[in-house]
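Structure, as C-alpha cells:
Note on naming: letters A, B, ... go to the chains in the order of the sequence lines (proteins, then strands), and numbering restarts at 1 for each one. Both backbone and side-chain heavy atoms feed into the values below; hydrogens, waters and symmetry mates do not.
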Number of protein chains: 2
Amino acid sequence: MSDIRRRANPLFLREEELRQAIELMFFAYRDFTRDADQVLESYNFGRAHHRVIYFVGREPGMSVKDLLNILSITKQSLSRVLSQLVDEDFIEQRTGSTDRRQRLLYLTAKGQNLEHELSKRQSQRIAEAYRLAGADAVEGFRKVLTGITDEKERFAHINEDSQE
Amino acid sequence: MSDIRRRANPLFLREEELRQAIELMFFAYRDFTRDADQVLESYNFGRAHHRVIYFVGREPGMSVKDLLNILSITKQSLSRVLSQLVDEDFIEQRTGSTDRRQRLLYLTAKGQNLEHELSKRQSQRIAEAYRLAGADAVEGFRKVLTGITDEKERFAHINEDSQE
DNA sequence: ATTTTATGTCAGCACTATTGACATATATGC
DNA sequence: GCATATATGTCAATAGTGCTGACATAAAAT
C-alpha cells in the first residue's frame with residue numbers, strides 16, 4: 001500500500017525518505033554512544049568525560065580554550081568534568097611555555113588507556129559497518145554527514161593536518 | 001607529511017579513517033539536533049519532549065509501553081515529559097479499546113503544529129545534505145548508518161506495521 | 001598603567017535520566 | 001472466582017550535563 005502511494009506521489013517519498021534519515025541519525029547515534037557509555041559507567045564518568053578524553057587524546061597540548069571551542073560548552077560546564085579527570089590522574093595540565101596563562105592538556109598513561117578502551121568499541125562498530133557497506137557507501141556516508149554538519153565545524157577536525 | 005604516512009601504512013589510514021568517522025558522528029549529530037533545540041527552547045521543552053512528539057506523530061495511537069521501548073528509557077523518565085505534553089495539550093491520551101489498561105497516545109492539532117515546526121528544520125538540513133551529496137551518497141549514508149545501528153533497533157521502527 | 005585574555009571557582013538552576021518502592025486498574029490463566 | 005501478570009502512574013532520591021551570573025587571579029597586550 002505504501003508502495004502505491006510512493007509511486008503516485010513523489011512528495012510522499014521525499015517525506016518518508018527524510019523521516020527515515022532523521023530516525024537513522026537518532027538510532028545510530030544512540031547505539032553508537034552506548035558502547036562507550038558502558039565503559040564509562042565503570043569509571044563513574046559520563047559522556048562529557050569521554051569527549052574531553054577524546055579530544056585531548058587527538059590533540060595533546062591543546063589549551064582549555066581550544067577544548068571549550070571544540071566542545072561548544074561553557075567553562076563552568078567543563079570545570080567539573082576536567083577537575084575530576086585531573087584529580088583522578090587521567091589528564092595532566094602543564095603551564096604553557098609561550099603563554100603562561102594557558103593550561104595545556106595532556107593525557108596521562110592512565111588517560112591513554114581509557115581513551116583506547118573507549119575508542120576500541122566504537123571503532124570496531126564503525127569498521128564493521130564500513131566493511132559491510134563497502135567503500136562507495138563509506139564515501140557517501142562521509143559526504144552526507146559532512147553536509148549535515150555546520151560549515152564552521154567542518155574545519156575543526158580537518159585543520160590540523162593541513163598545517164603540516 | 002600525513003599523506004606519506006597514509007600511503008606507507010595502511011593501519012594508519014584505517015585508524016585515521018575511523019577517527020574521522022567518530023568525529024563526523026559527533027559533530028553531525030550535534031549540529032543536527034541544534035536546529036530543533038532552538039525551537040524547543042521557546043516552548044521550554046527539551047529533547048525528550050521532541051522525541052515523544054516525533055514518535056507519537058509517526059505512529060498515532062501507540063501505547064506508553066511502545067513509546068518506552070522505542071525510546072529505551074524508563075517510565076519514570078518519560079513520566080514528567082509526557083505529563084507536561086498532556087497538560088499543555090500537545091498530546092492526548094485515550095484509553096485503549098481492546099485493552100483498557102493502555103493509554104494510547106495521539107498528537108493534538110497543537111502537537112502536530114509543533115511536530116511540523118521541529119521536523120521542518122531538520123528535514124531541510126538533511127534534504128540539503130542529500131542534494132549536495134547525490135543519490136549514490138545517500139544510499140551509502142543509509143547503508144553505513146544502518147550498519148552502525150544495533151540490529152534490534154532496526155526492527156523497532158519497521159515492526160509495528162507488520163503486526164497489523 | 002590599564003585593559004584584555006585565559007583560567008578557575010562558587011552558587012544556583014534546569015533538564016534528562018536512573019533506581020527503588022508502592023499503588024491502581026485491567027487482563028489472563030487456571 | 002482467584003491469583004498472577006501487565007500497563008500505567010506516582011513519589012522520592014540521586015547522577016550527569018548543561019546553563020547563567022558573579023567574582024578572582026595571573027599574565028599578556030596595548
| query | Which letters describe nucleotides 25-30 of chain D, given B = protein heavy atom under 4.0 Å from base, S = only from sugar-phosphate, - = neither? | reply | -BBS--
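- End-to-end axis angle for the helix from C:dA1-D:dT30 to C:dC30-D:dG1, using five pairs per end and rounding to 10°, comes out at 30°.
- The local environment of CG in A:Asp136 is sparse, with at most 12 non-hydrogen atoms from other residues, nucleotides or ligands closer than 6.0 Å.
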| What string of B, S and - do you get for nucleotides 10-19 of chain D, 5' to 3', when a contact is any protein heavy atom under 4.0 Å? | BB-B--SBBB
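- Side-chain contact between B:Glu92 and B:Val86 is absent, with no heavy-atom pair separated by less than 4.5 Å.
- Every residue meeting the ring-ring contact (aromatic ring centres under 6.0 Å, His included) condition with A:Phe26, not counting sequence neighbours, appears here in chain and number order: B:Phe55.
- Distance CG (B:Asn69) to C1' (D:dT8): 14 Å, rounded to an integer number of Å.
- Residue pairs satisfying the ring-ring contact (aromatic ring centres under 6.0 Å, His included) criterion with at least one member in residues 125-144 of chain A, sequence neighbours excluded, are listed as follows: A:Tyr130-A:Phe141.
- Across A:His116, A:Gln122, A:Gln124, a single residue satisfies side chain to side chain contact (heavy atoms under 4.5 Å, CB included) together with A:Lys120, and that is A:Gln124.
- A salt bridge between B:Arg14 and B:Glu17 is absent, with no side-chain N of the basic residue lying under 4.0 Å from a carboxylate O of the acidic one.
- With hydrogens and angles left out, the side-chain atoms of A:Gln84 and A:Tyr43 include no donor and acceptor closer than 3.5 Å.
- For the pair A:Leu68 CG and C:dT5 P, the interatomic distance rounds to 15 Å; values are reported in whole Å.
- Screening B:Glu23, B:Glu16, B:Glu15 for a salt bridge (Lys or Arg N to Asp or Glu O under 4.0 Å) involving A:Arg58 leaves a single residue, B:Glu23.
- Taking a 4.5 Å side-chain heavy-atom cut-off between Ile, Leu, Val, Met, Phe, Trp and Tyr, the cluster of B:Leu104 extends to B:Tyr106.
- Between the P atom of C:dA14 and the CG atom of B:Asp37 lies a distance of 18 Å, rounded to the nearest Å.
- For B:Lys65 and C:dA25, the NZ to C1' distance is 16 Å, given to the nearest whole Å.
- Across the protein-nucleic acid pair, A:Gln93 atom CD and C:dG8 atom C1' stand 10 Å apart, rounded to whole Å.
- Here D:dT8 presents its P atom at 10 Å from CG of B:Leu67, a figure rounded to the nearest Å.
- Taking atom CG on B:Leu40 and atom P on C:dA14, their separation rounds to 18 Å, with Å as the unit.
- Across every non-hydrogen atom of B:Arg103 and B:Thr95, the tightest pair is NE-OG1, 4.0 Å.
- Using cut-offs of 30° and 60° on the angle between ring planes, the pair B:Tyr54 and B:His50 is perpendicular.
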